[in-house]
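The block underneath contains the structure these notes are about, expressed in structure tokens.
Chain A is the first sequence line, chain B the second, and so forth, proteins listed ahead of strands; every chain is numbered from 1. In this text, all values refer to a predicted model and were calculated from it rather than measured experimentally.
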2 protein chains.
Amino acid sequence: MLGNMPDTQNRKAQILQTAATLFRERGYQAASMRDIATAMHIEAASLYHHIKSKEEILEIICFDMAEQFLSAIVEVNDIYFNAEEKLRMAILNHVRLITQNQERSAVFLHEWRSLPEVSLNSFLALRNQYENGFKQIVKEGIEEDIFGQVEPKFAVLSILSSVNWINEWYKLEGKMSVEEIAKNISDFVLGGLRKKLITDLGYKP
Amino acid sequence: MLGNMPDTQNRKAQILQTAATLFRERGYQAASMRDIATAMHIEAASLYHHIKSKEEILEIICFDMAEQFLSAIVEVNDIYFNAEEKLRMAILNHVRLITQNQERSAVFLHEWRSLPEVSLNSFLALRNQYENGFKQIVKEGIEEDIFGQVEPKFAVLSILSSVNWINEWYKLEGKMSVEEIAKNISDFVLGGLRKKLITDLGYKP
DNA sequence: CATATTGCCTAACATTTGTTAGACAAATAT
DNA sequence: ATATTTGTCTAACAAATGTTAGGCAATATG
């Protein structure tokens with residue numbers, strides 16, 4: 001009763017991973033309990049010994065990822081000082097989380113819409129906290145005079161959309177490492193597309 | 001037989017719009033034919049006098065939007081000369097299309113996954129053409145020495161993800177005009193977040 | 001006026017959905 | 001060895017799904 005709890009937990013983890021993969025591939029609604037079961041070489045009814053309902057699967061995945069993203073940004077805002085350093089670190093953490101578990105991240109990014117109303121509200125609150133973590137960094141950058149005069153909300157949404165897009169095209173076999181991807185995005189976000197005509201380090205007009 | 005065709009077409013257009021709204025709100029799979037019918041104060045069976053199937057609705061919306069996006073980028077690449085001008089115009093067109101019909105755009109952006117396999121392939125081909133239109137602009141910008149040395153594919157995906165994110169937060173009542181939004185995004189994409197220490201116009205090191 | 005067409009209706013269909021009940025075998029605990 | 005727990009199974013359910021068949025009233029056409 002205590003010795004086999006890990007096994008049960010393990011089985012539950014397998015269900016969550018299989019479900020995440022299918023939710024990502026076909027969407028939450030289109031992926032049926034029978035699909036999940038078949039992928040595990042099991043009958044649909046057997047799933048219910050490990051989870052309460054299909055909605056519970058979605059909730060666990062979404063909130064688990066939300067907490068991971070959230071604790072990462074809190075950590076960054078606690079540890080680092082410079083706004084640029086913070087932003088680069090926050091982006092790196094985000095890319096890490098997305099690439100480390102693309103399936104669950106995809107569910108977190110897209111399938112939360114299917115959460116039942118009550119969970120949906122708390123989920124959106126968490127996501128909002130995460131966005132605020134980024135907004136704080138951008139604001140600090142503006143105050144520190146490192147960033148230009150941008151609309152913080154606008155900048156944050158642009159940054160997050162760029163970072164989240166990774167999930168659509170990143171493949172494990174790709175040539176770029178996670179760190180390289182994060183650096184590329186950070187450079188792009190910080191430096192933009194236009195050619196720099198001067199290295200801004202230490203330059204005073 | 002000829003005089004009331006417009007009416008039929010009109011009714012079909014209404015179905016497409018209603019469907020788009022519901023597809024956006026709940027996702028293609030979750031929005032049922034009965035939902036669409038109810039929203040039109042009609043019975044589900046009546047829909048089939050105007051459309052062949054639920055999948056056909058999705059196909060029409062997706063391909064119609066794809067063609068609009070595509071013809072816009074082709075036009076830009078034909079008319080304008082300067083790469084920055086081209087990019088700003090392409091972004092403006094994109095923002096216009098998205099804000100002009102948010103529901104259909106949302107379906108184009110997210111619900112195409114549910115297309116049946118055959119349509120899916122041709123749709124992805126069109127989307128690829130659109131991305132290539134942007135890639136061409138970025139490449140030109142690099143050749144013209146207006147843009148820095150960026151990975152074109154990378155830049156394009158970052159740009160498109162930023163622009164597409166509009167669909168998540170743009171509301172008609174908002175303060176920003178479509179032109180302002182497009183300018184903000186263009187500035188962000190071109191200039192990045194970091195403070196400009198020098199106006200690059202005409203500066204030679 | 002007679003006729004054809006249009007747009008919608010009711011009724012029904014086969015299938016798929018999430019979920020429950022109850023049984024049975026293997027593993028574990030007493 | 002006996003009893004209990006665990007993981008799975010089969011069978012079945014009620015509800016919802018996309019879709020079809022056939023009918024009926026209003027409108028447009030000749």
> Can you name the residues that form a side-chain hydrogen bond (donor to acceptor under 3.5 Å, both in side chains) with A/Glu111, not counting sequence neighbours?
Replying inline: none
Distances under 3.5 Å only, N/O to N/O: pair up the protein atoms with those of nucleotides 21-24 of chain D.
none

> Once you round it to whole Å, what is the distance between C1' of D/dC9 and OH of A/Tyr48?
Replying inline: 16 Å
>> Is the phosphate of D/dT6 approached by A/Arg11 (side-chain N or O, under 4.0 Å from OP1 or OP2)?
In response: no
>> What is the separation between atom CD1 on A/Ile15 and atom P on D/dT6, rounded to the nearest whole Å?
In response: 15 Å
>> Can you list, in residue-number order, the parts of residues 57-65 of chain B that come under 4.0 Å of DNA chain D, counting heavy atoms only?
In response: none
> Starting at NZ of A/Lys54 and ending at C1' of C/dG18, how long is that distance when rounded to a whole Å?
Replying inline: 8 Å
> Got a sec? Which of residues 17-44 of chain A come in under 4.0 Å of DNA chain D, heavy atoms?
Replying inline: A/Arg34, A/Ile42, A/Glu43
Could you pull out all donor-acceptor pairs under 3.5 Å where a side-chain atom in residues 63-76 of chain B meets a protein atom, sequence neighbours excluded?
unit_1  : atom_1 : unit_2  : atom_2 : d
B/Asp64 : OD2    : B/Gln68 : NE2    : 3.2
B/Ser71 : OG     : B/Glu67 : O      : 3.4
B/Ser71 : OG     : B/Gln68 : O      : 3.3

> Does B/His50 make a side-chain N or O approach to OP1 or OP2 of C/dC8 shorter than 4.0 Å?
Replying inline: yes
>> Checking A/Arg34 now: which residues fulfil salt bridge (Lys or Arg N to Asp or Glu O under 4.0 Å) with it, not counting sequence neighbours?
In response: none
>> Tell me if the centroids of the rings in A/Phe123 and A/Phe108 come within less than 6.0 Å of each other.
In response: yes
> D/dG18 C1' sits how many Å from B/Glu56 CD, rounded?
Replying inline: 14 Å
> Taking only residues two or more places apart in sequence, or in another chain, which ones meet B/Lys153 in a salt bridge (Lys or Arg N to Asp or Glu O under 4.0 Å)?
Replying inline: none
>> Among residues at least two apart in sequence or on other chains, which ones pass side-chain hydrogen bond (donor to acceptor under 3.5 Å, both in side chains) with B/Lys135?
In response: none
>> The criterion is side-chain contact (heavy atoms from CB on, under 4.5 Å); which residues satisfy it with A/Ala20, sequence neighbours excluded?
In response: A/Ile61, A/Glu103, A/Arg104, A/Val107
> Taking only residues two or more places apart in sequence or in another chain, which ones pass side-chain hydrogen bond (donor to acceptor under 3.5 Å, both in side chains) with A/Asn167?
Replying inline: none
>> Just to verify, what does A/Gln14 make a side-chain hydrogen bond (donor to acceptor under 3.5 Å, both in side chains) with, not counting sequence neighbours?
In response: A/Arg11
>> Does D/dG7 have OP1 or OP2 under 4.0 Å away from a side-chain N or O of A/Ser46?
In response: no
> Is the side chain of B/Asn184 donor-acceptor paired with the backbone N or O of B/Glu180 at a distance under 3.5 Å, no angle test?
Replying inline: yes
> Roughly, in whole Å, what's the span from CG in B/Leu47 to C1' in D/dT17?
Replying inline: 14 Å
> Mind checking what makes salt bridge (Lys or Arg N to Asp or Glu O under 4.0 Å) contact with A/Lys54, not counting sequence neighbours?
Replying inline: none
